[in-house]
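So the structure is just underneath, and the comments pick up after that.
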Amino acid sequence: NIGLNSSNEFYIYNYAASEVALKFDTSSNTTFSGALTGTGRITAKVGSGNEASIVIDNNASGKAGDAYLRYAVYNGVYWATGIDNSDVDKFKISKSSDLGTNDFLTIDTAGLVGIGTTAPGYKLDVNGTANIVGALTGTSATFSGAVELSTAGSTLYLRNAENTGNHYIRPTTGKLTINNASGTEV
C-alpha cells in the first residue's frame with residue numbers, strides 16, 4: 001500500500017510484515033524497515049540541527065540482535081563494527097561478516113579497551129605483542145614476564161618519580177650501572 005497518512009507523510013506499507021517499510025515525514029526524515037539494498041552510496045547531509053547522522057537502532061521491544069555495520073569488498077573480505085548484544089553490549093571491530101567472530105578490538109561498557117581480547121581487564125588490554133615507537137610513560141608499571149630491548153645499544157633506564165637516580169642496564173655490558181657520586185658499576 002502506498003499513500004499519504006493523516007499527517008501528510010508519504011509511506012509504503014508492508015502488509016506481510018505488518019509495518020511501514022518506507023516513510024518520508026514532513027521534517028525531511030526518512031524511515032525504513034527491512035533491508036536497504038542497492039548500488040551507489042548513502043549520504044547524510046547536515047540539516048538544520050548542524051549534524052548529519054545515520055542511526056542504526058535496534059532497541060525495539062523484543063529485538064535482541066546486534067546493531068552493526070558490515071563492510072565487504074568483491075574478494076570476500078568482510079569487516080563489521082557495532083554493538084555486540086550477545087556479549088554484554090560491547091562495541092567491536094571484527095574481521096568477519098558478523099560481530100563475535102575474529103574480534104580485533106573490543107570496548108566494553110566500562111570503557112576498557114581490548115586488542116586481541118574480548119574481555120579487557122584494564123584501560124588498555126593487549127593480548128599479543130605490542131610495538132611502541134616512542135616512549136612508554138606512566139606513573140607506575142608492573143611487568144610480568146620478560147622485558148626485552150631489541151635495538152642494538154639500547155639502554156633500559158630505571159628512574160624514580162623525581163627523574164633522578166639514573167639507574168640503567170646496558171645490554172652491551174650486561175651490568176647494572178648505578179649513577180651515584182662515584183659512578184659505581186655493579
Answer yes or no: does atom OH of Y78 have more than 12 heavy-atom neighbours from other residues, nucleotides or ligands under 6.0 Å?
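Not more than 12 within 6.0 Å, no.
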Enumerate the side-chain hydrogen bond (donor to acceptor under 3.5 Å, both in side chains) contacts for residues 116-128, please, sequence neighbours excluded, ordered by first and then second residue.
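Sorted result for residues 116-128: empty, none.
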Only counting residues at least two apart or in another chain, list the ones meeting side chain to side chain donor-acceptor pair (under 3.5 Å) with T81.
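With sequence neighbours excluded, T81 shows a side chain to side chain donor-acceptor pair (under 3.5 Å) to Y71, given in chain and number order.
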Residues in side chain to side chain contact (heavy atoms under 4.5 Å, CB included) with L105, at least two apart?
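L105 satisfies side chain to side chain contact (heavy atoms under 4.5 Å, CB included) with I93, I107, V113, I115 once adjacent residues are dropped.
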Can you name the side chain to side chain contact (heavy atoms under 4.5 Å, CB included) partners of Y68, sequence neighbours left out?
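If we apply the side chain to side chain contact (heavy atoms under 4.5 Å, CB included) test to Y68, skipping adjacent residues, the hits are D66, R70, A80, D98, L99.
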Are D84 and K90 within salt-bridge range, i.e. N to O under 4.0 Å?
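Salt bridge: no.
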What I want to find out is whether D103 reaches K95 closely enough, with some N-O distance under 4.0 Å, to be called a salt bridge.
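Looking at K95 together with D103, the answer is no, because their closest N to O distance does not fall below 4.0 Å.
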What's the separation between atom NZ in K92 and atom CG in N102, rounded to the nearest 0.5 Å?
11.0 Å
T101 and S96: which non-hydrogen atoms are nearest, and at how many Å?
O-CB, 3.2 Å
What's the shortest heavy-atom distance between S94 and G100, and which atoms?
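Answer, listing the atom of S94 first, then G100: OG-N, 3.9 Å.
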Going by the rule ring-ring contact (aromatic ring centres under 6.0 Å, His included), which residues pair with F104 if we only count those two or more places apart in sequence or in a different chain?
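ring-ring contact (aromatic ring centres under 6.0 Å, His included) list for F104, sorted by chain: W79.
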State which residues pass salt bridge (Lys or Arg N to Asp or Glu O under 4.0 Å) with D108; sequence neighbours excluded, sorted by chain then number.
none
